[in-house]
Number of protein chains: 2
Amino acid sequence: MHITIDRSHFLTAIQSVQKAISTKTTIPILTGIKLSVTEQGLKMTATDLQIGIETIVQKEQNGETILQIHQLGSIVLTAKYLGEIVRKLPQATVDIEVKQNYLTIIRSGTSEFNLHGLDAEEFPRLPQVTGNQVFSIPSDLLKDMIRQTVYAVSTEEIRPVLTGVVWSLKEGNLKFVATDSHRLASRKVQVEAPEEMQLFNIIVPGKSLLELGRLLSEDDTLVDIVVADNQVLIHMGRTQFYSRLLEGQYPDTTRIIPNTYKTAVQVKTKDLLDAVERAALIAKDNDNNVVRFNIKQMIIDITSNSPDVGKVSETLKPIQVSGEDMIIACNAKYLIEALRVITSPEITVEFTGSMSPILLKPLDNPGYLTLVLPVRIY
Amino acid sequence: MHITIDRSHFLTAIQSVQKAISTKTTIPILTGIKLSVTEQGLKMTATDLQIGIETIVQKEQNGETILQIHQLGSIVLTAKYLGEIVRKLPQATVDIEVKQNYLTIIRSGTSEFNLHGLDAEEFPRLPQVTGNQVFSIPSDLLKDMIRQTVYAVSTEEIRPVLTGVVWSLKEGNLKFVATDSHRLASRKVQVEAPEEMQLFNIIVPGKSLLELGRLLSEDDTLVDIVVADNQVLIHMGRTQFYSRLLEGQYPDTTRIIPNTYKTAVQVKTKDLLDAVERAALIAKDNDNNVVRFNIKQMIIDITSNSPDVGKVSETLKPIQVSGEDMIIACNAKYLIEALRVITSPEITVEFTGSMSPILLKPLDNPGYLTLVLPVRIY
């Protein structure tokens, strides 16, 4: 293998695929990026066996030469060194040549690195995901859906399915749901999908989605999604992202979302977030981060106290209140995380009872819903 | 004590004095900031007993009212909570009122915090540094002197004096020197001082100087420095910084700075830094971070190798070379840290022998000198 490649395009590609590499791996080949040169260009692959990222650097881009191929072939190079070296190389182009025994020469200007590579044949093959179950979604919308649900996944391995976000698709309605059994987040959007296409119980690990979220661009370029038996594949232009799915049956969450409420308040999202964040400064020092809400006529009182530090009281004037007076408490951290991913300026908070879920609904986005369970006040 | 204070001025003051608080302290009163209201304004103090920072918020600034005093008095409040609370308060002004049992009410808009304070009488008094041994130096110059020397202090407590930077002053020449016995940095400047004023063996802890460096502004406002028996006091406008001095005799470093060289090369600082940084990517994986220099005629070869990773070779064309050919090796980390604080575009590197110091001298700044000891090449 022997190529000359534009340094900045090469670095971007390294940084993309590098996201798939686990810093904890003890298997040497998995610390590497596989470079594979064919007539089509340079294919780069990295994986931690849970997720895999593959990208192609083509010979030309917008009429500019990015890659010159002198000899086909492949090699695996340690991602950490490759990334650091390419970032610091002095010239705009890099020459990479594989010699005997996987010794790889990286040249740029007056710099020459000799790195010990590994046999590309030893690199795990990414799964071949095929199937006609394909749907499309704008990149920024998918990024948003991930951001608005993934925070609610469980970090505990007791019920593994809860560490994932469950996807479903029916009649073009794509829905993501996540819950750790203390709170729940749900986002529904309309996507481009074959009319008859249906998906149920597709559980994508939260960790995979965090990495996917970092890869997705902030624009509305369409990405294609293929779901196979135990894999999901996301096509983003020249880059592909694979993730294993979680096995098991995700619990039915529709039952726990109440349809009626006892008290509903309409507030400015930022006012509520600011008030709860201030209350949380004291709450984080007590058990369970508890903040207490007292809704009485047109006033919401938010309080928290810690015997060691002191107490805080916030008075919030809602835009509108309906229903009965209410005293309720919940974990401030859950509320803050739910409020931070809401982009709508106004929300409705629905209280369904002192020991029943608190619902947060953005006024201008009926597809998004988040729910926090209250805690008992002693 | 009862005041109303501008939130942003208050926050700036908190952030200044907070730098003196150790996160590791187990003494409750030292986690606090002392607020003390007199007719002159609000004095705020924090200390970890090694350093102390004191600042005054005056009633007016540029004709604007910053502080209204309703009642004199004093209190100690935990810095961590005070800082976080004031940062998040909703309004432009904050009302602080101390009630019985040191209970302190902080109000802003519809927020009200009740914090348990501590008795200000229990707060350690900062030393009264007096003396006519005063000299002045522009803030940005002092900041620069600190930056260019403090990186070379020792982090090991075996020889405590080496954890400090030694100051001396003679005939208006202020000199800072630091060494950890593997490298040395020395900076000399002309300052405004009484003609007869002399200072010797003033050893300021490196940790104190790091904090002082963060407090110093980037402009040329003059700061006044008073040195007393075991203290140094820096006056920066409304803020004062105290540090204890280290006891003991700093070694005589003048002997180890050679006056002659065998080989001298003149290079662009950035070219040398970039080349050594690249060589260090491989060097950091071998013992002692070793990079090797081979100077032969008009070429400098910089190499490093690690049996596990591979090797690197850099070719640097110097602007000028004089003296004999030279093969020498040193710790890349020391060289990088020395080169990073040099602002001059060109430097002279003087090699005094394969086991004698390597000197780095900025071409346009004769007051600065840094020295790195080589390592033996096997």
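Chain letters run A, B, ... following the sequence lines, proteins first and then strands; every chain starts at 1. What you see is a predicted model, and the numbers here were worked out from it, not measured in a lab. These values consider heavy atoms only, across backbone and side chains, with no hydrogens, waters or symmetry-generated copies.
With chain A as the partner, the residue from B:Asp308, B:Ile85, B:Asp271, B:Val312 showing the most heavy-atom pairs under 4.5 Å is B:Val312. Most heavy-atom pairs under 4.5 Å with chain A: of the set B:Glu112, B:Lys80, B:Arg278, this distinction falls to B:Arg278.
In this structure, the side chains of A:Asn114 and B:Asn305 stay at 4.5 Å or more apart for every pair of heavy atoms.
More than 12 heavy atoms of other residues, nucleotides or ligands lie within 6.0 Å of NZ in B:Lys19, so this atom counts as buried by the packing criterion.
Nearest approach of B:Tyr81 to A:Leu281, heavy atoms of both residues: CE2-O, 3.6 Å.
Scanning residues 86-111 of chain B against chain A with a 4.5 Å heavy-atom cutoff picks out B:Lys88, B:Leu89, B:Pro90, B:Thr110, B:Ser111, ordered by number.
For a residue to count as touching a neighbouring chain, one of its non-hydrogen atoms must lie under 4.5 Å from one of that chain's; by this rule B:Pro28 does not touch chain A.
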